[in-house]
Engineer: 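One structure, as structure tokens, below. Some questions next.
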Amino acid sequence: MIDKKAEEKHFNNKSTVYGPVKSWRFGLSLGIDPIFTLSTCSFNCFYCQLGQIQDITDQVKEYIPTDTVINDFKDSLKNNPQIDVITFSGSGEPTLAQNIDLMIQGIKELAPKIEQYILTNATELYRPEVRQRLLGLDKIIVKIDAATEETFQKINRPAKGVTLARVREGILELKKDYHGKIEVQSMFTPLNLSEVEQYAELIKEISPEVVQLNTPKRPYPSQWHRENRGNHLKVFDYKTTDLKTLSEDQATELETFLKKTTSLKILSIYR
Ligand code: SF4
């Protein structure tokens with residue numbers, strides 16, 4: 001449990017809407033946090049910008065009332081009328097929020113011209129009702145960091161029972177139901193570089209519009225802070241750990257290999 005005084009000091013940002021966050025691909029994005037209270041995710045990725053996940057769970061439920069998000073969005077939009085895109089992400093895995101469809105719909109009514117995206121780890125897409133809730137989105141960006149169960153467990157350190165097979169199945173089912181754009185985002189470190197052939201097969205099967213290759217350039221924080229949802233501009237008084245990244249040469253080699261073997265559009269963080 002977080003004590004109240006510490007909460008006031010560290011969690012003074014009381015809004016479920018954050019940013020604008022500058023994205024090298026999407027421009028200025030207002031972030032929507034449908035989880036909010038604690039960092040909550042079905043993964044506990046070793047590179048997560050939120051640090052160690054406080055509640056590692058795949059429980060789908062209402063984490064924060066829809067009205068809270070809609071009211072926060074109204075306020076943020078007033079102050080940031082120039083945003084390019086709205087992105088569901090925040091304090092963990094956004095598809096764990098049972099009311100995410102109501103948030104998407106409410107935001108659409110307030111800002112019908114601004115596209116809405118989600119960053120998801122895809123662990124819950126195997127559930128038909130979760131896929132159904134996402135149909136109003138313009139783009140779904142799924143995380144794939146591993147091509148074997150062993151590496152999946154090492155990198156994503158998921159909640160009990162969550163497997164790579166479940167993630168793959170969910171994404172393939174989503175492709176049948178959903179007519180918006182699907183992209184893949186992958187975090188590469190020396191750990192998953194050894195299985196690029198299997199990775200190429202997996203992304204070929206998913207066949208997304210774009211594959212975005214990342215490497216963990218942000219240090220891993222020793223504590224969670226709500227500001228970690230955003231630009232990471234502020235320096236906090238806790239320790240961080242630098243992580244092993246791909247060098248520019250390794251990233252270029254990976255990009256070239258994937259372009260050749262998959263014929264997909266591959267974008268690298270180094271470009
Ligand atoms: S899926 Fe995202 S929020 Fe969840 S642990 Fe991984 S990086 Fe963090």
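Residues: numbered from 1 along the sequence shown. Whatever order the structure lists ligands and atoms in, that order sets their numbers, starting from 1.
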Engineer: Could you verify whether a donor N or O on one side chain and an acceptor N or O on the other, from Thr123 and Asn121, lie under 3.5 Å apart?
Structural biologist: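 Thr123 vs Asn121: donor-acceptor pair found between side chains.
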
Engineer: Please confirm whether the ring centroid of Phe26 lies under 6.0 Å from the ring centroid of Tyr117.
Structural biologist: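 They qualify: ring centres under 6.0 Å apart.
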
Engineer: By ring pair (Phe, Tyr, Trp, His ring centres under 6.0 Å), which residues pair with Phe152, not counting sequence neighbours?
Structural biologist: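 If we apply the ring pair (Phe, Tyr, Trp, His ring centres under 6.0 Å) test to Phe152, skipping adjacent residues, the hits are Phe43.
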
Engineer: Counting no waters, what protein N/O/S atoms lie under 2.8 Å from atom 6 (Fe) of ligand 1?
Structural biologist: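 Protein N/O/S atoms under 2.8 Å of atom 6 (Fe) of ligand 1: Cys45 SG.
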
Engineer: Using every non-hydrogen atom in the two residues, find where Leu246 and Thr189 come nearest and quote the distance to one decimal.
Structural biologist: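 Nearest pair, atom of Leu246 first, then Thr189: CD2-C, 3.7 Å.
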
Engineer: Heavy atoms only: give me the nearest Ser42-Leu96 pair and the separation to one decimal.
Structural biologist: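 Taking Ser42 first and Leu96 second, the nearest heavy atoms are N-CD1, 4.1 Å.
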
Engineer: Is the backbone N or O of Leu38 less than 3.5 Å from a side-chain atom of Ser91, with the two atoms forming a donor-acceptor pair by type?
Structural biologist: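 No, because the side chain of Ser91 does not come within donor-acceptor range (under 3.5 Å) of the backbone of Leu38.
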
